[in-house]
2 protein chains.
Amino acid sequence: MASLPVLNQPPRRSGALLDNLARRMRLHAESVLKPLGLRPRHLVALTVLRDRDGSTQQALATTLMMDRATVVGLLNDLEADALIERLRSPEDRRRHIVQLTDRGARRLAKAEFALAGVEDEVLAPLDARQRATLYELLLLAASGTVPDCDPGDHSPEPTC
Amino acid sequence: MASLPVLNQPPRRSGALLDNLARRMRLHAESVLKPLGLRPRHLVALTVLRDRDGSTQQALATTLMMDRATVVGLLNDLEADALIERLRSPEDRRRHIVQLTDRGARRLAKAEFALAGVEDEVLAPLDARQRATLYELLLLAASGTVPDCDPGDHSPEPTC
DNA sequence: TAATTGGTTTGTGTAGCGCCAACGATTTAT
DNA sequence: ATAAATCGTTGGCGCTACACAAACCAATTA
C-alpha cells in the first residue's frame, strides 16, 4: 500500500445525486417531448438504439436492464409511430430484430435538439466542457463503450 | 467560432442516459438500503443535507426541485428516525431549519459504505478517478447555486 | 386588521416499472 | 416424433415516487 490517503472520508456515492438530477431533467423534458409524441422512456430506447441498432429485443432488455415485458411495451409505442421496425431474424425466426427507421432517427435528432433548453436549465452550473465530460462518463457507464471517439474529446483520460 | 468541428452530429443529450443509469442504480440500491430503514429518496435528501446543512425546508425544496409537500413527507420520515432535526429559526419563527443529526450522518455514511457493491456493478466501466469526477459534476449540477436570485422570487420566468 | 409566507396535511392523479403467469411460435434436445 | 427450452407477447397486480391542488395553523409583515 503506497499512496491513498482517502480512507477517513465517507464514500460519497453518486447514486442519490444521479437520482435527483435524472428526476429534474425528466420533469422539464416531459413538456418539451410531448409535442413530439414522445415520452422520456422512449427517448432512452431510441438513444440506445442509435448505437445498438439491429439488436434483439432480448439484447435490448439486457442493455437497458429492463424486464422484457417492459421493453415490449416500449417498442409497441415506437413501432406504432413507425420510429422502429421489428424484423424477424433469418437465423432464428423466434427473434425480433429491432431497427431504427429513418423516421425514428430524425425524430430522435429533433428531440435532442429540442432538449437544449432543458439541459441548459438543469445543467446550468456546468460549462460546456463539463457537460461533455459528464456525457462521456454517462455513456461509458451506461454501455461500457464509446461508439466513435470524436475529435471533441474532453475526457480526463485517453480512454479511446 | 474557431475550433470545434462538431456541428453535423446530433446533440447527444445526457438526459436519457441519466435516466437509465439512475434507474439501474436505484433498482439495486433498494435492496441494499432496506436493511438500513432507508429508501432511495431518503438518501437523496441526506446527501444534499450533508452539504447544505441548516437549510430551510423551502431552500431544500428549491435545491431538490421538489414540491414543498413532498419534502415535508420526506423529512417526516427522516425525523421519525431521528436522522434529522427541525429547529425553529430564531429570526423567523415560521421557518424550520433542517439539521442533520449525528445519527443521520452516521446512517448516511453507513448507507454509502453499503452501496459500494451497487456502484461497482453499475459504474463498472468507470475507474476510481472517473467516478470521483462524476460525483463532482453531479454535485455541482445538483446543488447548483441560485445565489443571485433573491429568495422572495418564485416567478416562473428565470429572469435572474 | 388584513394580507402574506413557511410549513403541514390530505387527497387525487399519473408515470414508470418489477414481477408473475399464461400463451403462440419456433427452435433444440432426446 | 415428442418433449423441453427460448423469444416475444399480453394482461394483471402492486409498488414507488412524484406533481398538483386545496385547506389549515402559526408567525410575520403591511
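Any value given below was found using the heavy atoms of this structure, including those in side chains, with hydrogens, waters and symmetry copies removed. Below, chain A is the first sequence line, B the second, and so on; all start at residue 1.
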*Asks:* Between D/dT6 and A/Q58, is there an OP1 or OP2 to side-chain N/O distance shorter than 4.0 Å?
*Replies:* no
*Asks:* Check A/P125 against A/Q130 and note the closest heavy-atom contact, atom names and distance.
*Replies:* O-OE1, 3.9 Å
*Asks:* To the nearest Å, give me how far apart CE (A/M25) and P (D/dC18) are.
*Replies:* 16 Å
*Asks:* Do any N or O atoms from the side chain of A/R24 and from the backbone of B/A142 form a donor-acceptor pair under 3.5 angstrom?
*Replies:* yes
*Asks:* Just by distance, do the side chain of B/R88 and the backbone of B/R94 share a donor-acceptor pair under 3.5 Å?
*Replies:* yes
*Asks:* Rounded off to whole Å, could you give me the CG-to-C1' distance for the B/L74 and C/dG7 pair?
*Replies:* 15 Å
*Asks:* To the nearest angstrom, how far is B/L75 atom CG from C/dG6 atom C1'?
*Replies:* 13 Å
*Asks:* For nucleotides 20-30 of chain D, just jot down a letter per nucleotide in 5' to 3' order: B, S or -, based on protein non-hydrogen atoms under 4.0 Å.
*Replies:* BB-----BS--
*Asks:* Measuring to OP1 and OP2 of D/dG8, would you say a side-chain N or O of A/N76 lies under 4.0 angstrom away?
*Replies:* no
*Asks:* For B/R50 and B/L100, which heavy atoms make the closest approach, and how far apart are they?
*Replies:* CA-CD2, 4.1 Å
*Asks:* Inspect the contact between B/R129 and B/D127 and indicate whether a charged nitrogen and a carboxylate oxygen are less than 4.0 angstrom apart.
*Replies:* no
*Asks:* What is the separation between atom NE2 on A/H96 and atom C1' on D/dT6, rounded to the nearest whole Å?
*Replies:* 14 Å
*Asks:* Give the rounded distance in Å between these two atoms: CG of A/L64 and P of C/dG16.
*Replies:* 14 Å
*Asks:* Measure from NE2 on A/H42 to C1' on C/dA15 and round the result to the nearest Å.
*Replies:* 11 Å
*Asks:* Using a cut-off of less than 4.0 Å, is there contact between a side-chain N or O of B/R41 and OP1 or OP2 of D/dC18?
*Replies:* yes
*Asks:* What is the separation between atom CZ on A/R26 and atom P on C/dA15, rounded to the nearest whole Å?
*Replies:* 11 Å
*Asks:* If only side-chain N and O atoms of A/R39 are considered, is one of them under 4.0 Å from the OP1 or OP2 phosphate oxygen of C/dG16?
*Replies:* yes
*Asks:* Is a donor on one side and an acceptor on the other found under 3.5 Å between the side chain of B/T101 and the backbone of B/L83?
*Replies:* yes
*Asks:* Among the candidates D/dG8, D/dC18, C/dG18, find the nucleotide nearest to the side-chain atoms of B/R23.
*Replies:* C/dG18
*Asks:* Tell me: NZ of B/K34 to P of D/dT16, nearest whole Å?
*Replies:* 7 Å
*Asks:* Verify the contact: side-chain N or O of B/R86 to OP1 or OP2 of C/dT8, cut-off strictly under 4.0 Å; return yes or no.
*Replies:* yes
*Asks:* Report yes if at least one side-chain N or O of A/Q57 is closer than 4.0 Å to OP1 or OP2 of D/dC7; otherwise report no.
*Replies:* no
*Asks:* With a cut-off of less than 4.0 Å, is there a side-chain N or O of B/R95 near OP1 or OP2 of C/dT5?
*Replies:* no
*Asks:* Would you kindly confirm whether B/V32 and B/L43 end up in one hydrophobic cluster when ILVMFWY residues are joined by side chain heavy atoms under 4.5 Å apart?
*Replies:* yes
